Amino acid sequence: MSLQLPRKHNATDTTIFTVMSTLAQQYNAINLSQGFPDFPIDTKLSNLLHEASLNGLNQYAPMAGLPILREAIAQDFSKRYSITLNPDTEITITPGATYAIYTAFSAILSPGDEVVVLEPAYDSYIPNIEMNGAKAIPVKLLPKTFAPDWEKIKASINSRTKAIIINTPHNPTGTIWQQEDWNQLAELLRNTDIFILSDEVYEQLVFDKQQHCSVLQQPELRERSFVLYSFGKAFHNTGWKIGYCIAPPTLSQAFRRLHQFLSFSVNTPAQYALAQYLSHTERESPTELLQNKRNYFIELMQQTPFQLLQPSQGSYFQLVSYAGMSDASDIDFARLLTEKYGVATIPISAFYSDKHDDKILRFCFAKKEETLTKAVERLKDIEPESF
Ligand code: PMP
Ligand code: GLN
């Protein structure tokens, strides 16, 4: 017997998040690598989950999601963004945003299609494109500012281009798109049939009184967009793995056509808890909480030999350069930092298909203050010659 296992994608067998979190455990290091909070979620939310299960909400939810959750999302978007959504035809609840990204790609891609991906990019995008038989066309963001390189994006588009995927607030750089960026994209895509996937999982985490700009606010683009969200980021419960896809009715229909045979539905008690919590008037503000953590982390890092890049404008992440300290590759540096100094981070080359290495690490600041303090204590003592 010779069992053949097709590779399905060209990326690594083990993601950088698994590699670094495993290494962190192995060396008992402080884990500032994978993006997950180490502080508790609001007890109101935990109680609602408990209550839902006790009240017998333990069976399958409707395929598109619990109506009360879709309704609560529509009201939330109306209140925070003045965006009108039809909960029946435009919102689908999913088991996380990663799944929603895959499903949206699957709904639109055929073999031979191309998808433009701006790099550095979240690691699931390119494998998801390849798993659907299509080809990713990576286009680097501009150095230092990580702004879109419109000339290069334009040059990457041709008759095979089926979609472009955008991520704002951006993982890993912490940059955000402004309305002007969406307008530029609208100009570029006018008279084409190119779809947009807009990954907006960090939309509630935009700092310094700036506003999140959604593709949903650009009418020309909204018509062609699948917009992906995750509750995990807003409510610090990444392990619940619940997200949603917002798209116009015909696109949502195509999305649900696949979703009904992939997962069919999503954890009922958690959907119930999220619906109740979304309608709660006394919710914690994730923006302020995370902005304070970013400020705290940036301040502490001044005591170390690392150089911070521009302050994160959104997300869980801050980029930091070690270029003045070592010539080691970012992968080797991150590994040694975990093993010798007990602090785990993510090397940014993992977010580039050509493994581009600018000697930059990503730190996750979505942690308790004491965790950040302890980590920076360790980083202060670094001897650059040990790398
Ligand atoms: N997109 C980005 C940019 C992310 O950082 C993450 C992190 N988890 C996801 C999508 C996936 O979200 P989820 O955990 O809901 O699958
Ligand atoms: N979104 C998280 C991050 O960027 C990781 C999620 C995962 O482990 N796949 O760190």
Side-chain angles (χ1 to χ4, degrees), residues 17 32-37 73 76-77 80-81 83 96-98 100-101 117-125 140-142 144-149 164-185 196-218 221 225-238 243-246 284-298 308-320 346 348 350-351 360-367:
F17 304 115
L32 305 188
S33 64
Q34 197 176 18
F36 64 88
I73 292 169
D76 186 47
F77 271 67
R80 292 192 296 121
Y81 293 118
I83 291 171
T98 309
I101 293 163
V117 180
L118 309 185
E119 290 191 327
Y122 183 57
D123 71 337
S124 77
Y125 300 161
K140 285 191 178 70
L141 293 165
L142 289 167
K144 292 197 171 67
T145 60
F146 299 107
D149 186 336
I164 178 167
I165 180 160
I166 307 296
N167 173 214
T168 179
H170 188 250
N171 178 5
T173 67
T175 52
I176 56 175
W177 270 34
Q178 310 290 352
Q179 191 62 42
E180 179 47 32
D181 294 304
W182 289 120
N183 294 344
Q184 284 257 17
L185 186 63
I196 296 170
L197 267 71
S198 184
D199 177 345
E200 303 185 8
V201 297
Y202 297 103
E203 54 99 18
Q204 304 231 19
L205 308 178
V206 173
F207 310 136
D208 305 323
K209 299 202 161 62
Q210 299 190 82
Q211 296 295 316
H212 169 64
C213 261
S214 172
V215 70
L216 297 169
Q217 289 158 315
Q218 218 294 348
L221 295 184
S225 296
F226 295 86
V227 199
L228 303 321
Y229 297 94
S230 173
F231 284 112
K233 315 297 174 185
F235 302 145
H236 331 307
N237 54 351
T238 61
Y244 48 102
C245 169
I246 296 180
E284 285 175 348
S285 155
T287 316
E288 203 179 308
L289 185 79
L290 266 295
Q291 181 177 305
N292 289 340
K293 289 185 185 300
R294 180 208 60 176
N295 292 347
Y296 187 73
F297 178 69
I298 288 181
L308 271 77
L309 275 70
Q310 56 197 355
S312 171
Q313 297 169 279
S315 80
Y316 279 171
F317 309 114
Q318 175 64 48
L319 294 187
V320 171
I346 298 287
I348 290 308
F351 293 82
I360 297 172
L361 302 175
R362 188 195 81 173
F363 284 73
C364 172
F365 52 75
K367 303 289 172 187

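Note that the structure is predicted; figures quoted are calculated from it, not measured. Scope of the values below: all heavy atoms of this structure, side chains included, with no hydrogens, waters or symmetry mates.
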Shortest non-hydrogen contact between Ile101 and Leu197, atoms and distance:
O-CD2, 3.8 Å

Measure the spacing between CD1 of Ile73 and CG of Asp76 and express it to the nearest 0.5 Å.
8.0 Å

Between CD of Gln291 and CG of Asp208, what distance do you get to the nearest 0.5 Å?
5.0 Å

If you look at every heavy atom in Asp149 and Lys140, which pair is closest and at what distance?
CB-O, 3.8 Å

Both conditions, 6.0 Å and 45 degrees, for the charged tip of Lys367 above the ring of Phe36: are they met here?
yes

Distance-only, no hydrogens or angles: does the Gln318 side chain make a donor-acceptor pair with backbone N or O of Ser312 under 3.5 Å?
yes

Report yes or no: does Asp181 contribute a side-chain atom to a donor-acceptor pair with the main-chain N or O of Gln178 at less than 3.5 Å?
yes

Would you mind reporting whether Leu185 and Ile164 have side-chain heavy atoms less than 4.5 Å apart?
yes

Value for OG1 (Thr173) from CD (Glu119), rounded to nearest 0.5 Å, stands at 12.5 Å

Take Val215 and Ile166 through the test side-chain contact (heavy atoms from CB on, under 4.5 Å) and record every step on the way to the result.
CA-CA 9 Å; Val215 70; Ile166 307 296; over 6 Å; no

I'd like to check Leu319 versus Phe146 (side-chain heavy atoms, cut-off strictly below 4.5 Å). Are they in contact?
yes

Between Gln204 and Lys233 (side chain of the first, backbone of the second, donor and acceptor by atom type, cut-off under 3.5 Å), is there such a pair?
no

Under 3.5 Å, is there a donor-acceptor pair linking the side chains of Asn183 and Gln218?
yes

Spatial distance of atom CG (Leu216) from atom CD1 (Ile246) [nearest 0.5 Å]:
5.5 Å

Please give me the minimum heavy-atom distance between Ala100 and Leu228, naming the atom from each residue.
CB-CD1, 3.7 Å

Test side-chain contact (heavy atoms from CB on, under 4.5 Å) applied to Arg294 and Phe207, step by step:
CA-CA 9 Å; Arg294 180 208 60 176; Phe207 310 136; 3.7 Å; yes

Could you grab the distance from atom CH2 of Trp177 to atom SG of Cys213, nearest 0.5 Å is fine?
11.0 Å

If you define the side chain from C-beta out and look only at heavy atoms, does anything of Ser315 sit under 4.5 Å from Leu205?
no

Phe17 and Phe351 aromatic ring geometry - parallel, tilted or perpendicular at 30°/60° bounds:
perpendicular

Measuring from Ile165:CD1 to Phe226:CZ, what's the distance to the nearest 0.5 Å?
11.5 Å

So, for Ile176 and Thr168, which heavy atoms are closest and what is the spacing to 0.1 Å?
CA-OG1, 3.4 Å

Closest heavy-atom pair, Phe317 versus Pro172, reported as atoms and distance to 0.1 Å, is CB-O, 3.8 Å

Over all atoms of both residues, closest heavy-atom pair of Asn167 and Asp199
ND2-O, 2.9 Å

So Pro37 and Thr238, do their side chains get closer than 4.5 Å, heavy atoms only?
yes

Above 12 or not: heavy atoms from other molecules or residues under 6.0 Å from CD of Glu288?
no

Assign the ring pair Phe297 / Phe363 to parallel, tilted or perpendicular, where the plane angle (0 to 90°) is split at 30° and 60°.
tilted

Taking the side chain from Ser230 and the backbone from Gly232, do they hold a donor-acceptor pair closer than 3.5 Å?
yes

Any side-chain to backbone donor/acceptor pair from Trp182 onto Gln217? Under 3.5 Å, distance only.
no

Evaluate the side-chain contact (heavy atoms from CB on, under 4.5 Å) criterion for residues Leu289 and His236: first the C-alpha distance (whole Å), next the side-chain angles of each, then the deciding distance (0.1 Å), finally the verdict.
CA-CA 11 Å; Leu289 185 79; His236 331 307; 3.6 Å; yes

State, yes or no, whether a side-chain contact exists between Gln313 and Thr175 at a heavy-atom distance under 4.5 Å.
yes

Within 6.0 angstrom of Gln179 CD, more than 12 heavy atoms from elsewhere
yes

For the backbone of Pro120 and the side chain of His170, can you confirm whether one donor and one acceptor N or O come within less than 3.5 Å of each other?
yes

Step by step, work out the side-chain contact (heavy atoms from CB on, under 4.5 Å) result for Phe365 and Leu290.
CA-CA 8 Å; Phe365 52 75; Leu290 266 295; 4.0 Å; yes

For the residue pair Tyr81 and Phe77, does the interplanar ring angle fall in the parallel (under 30°), tilted (30 to 60°) or perpendicular (over 60°) class?
tilted

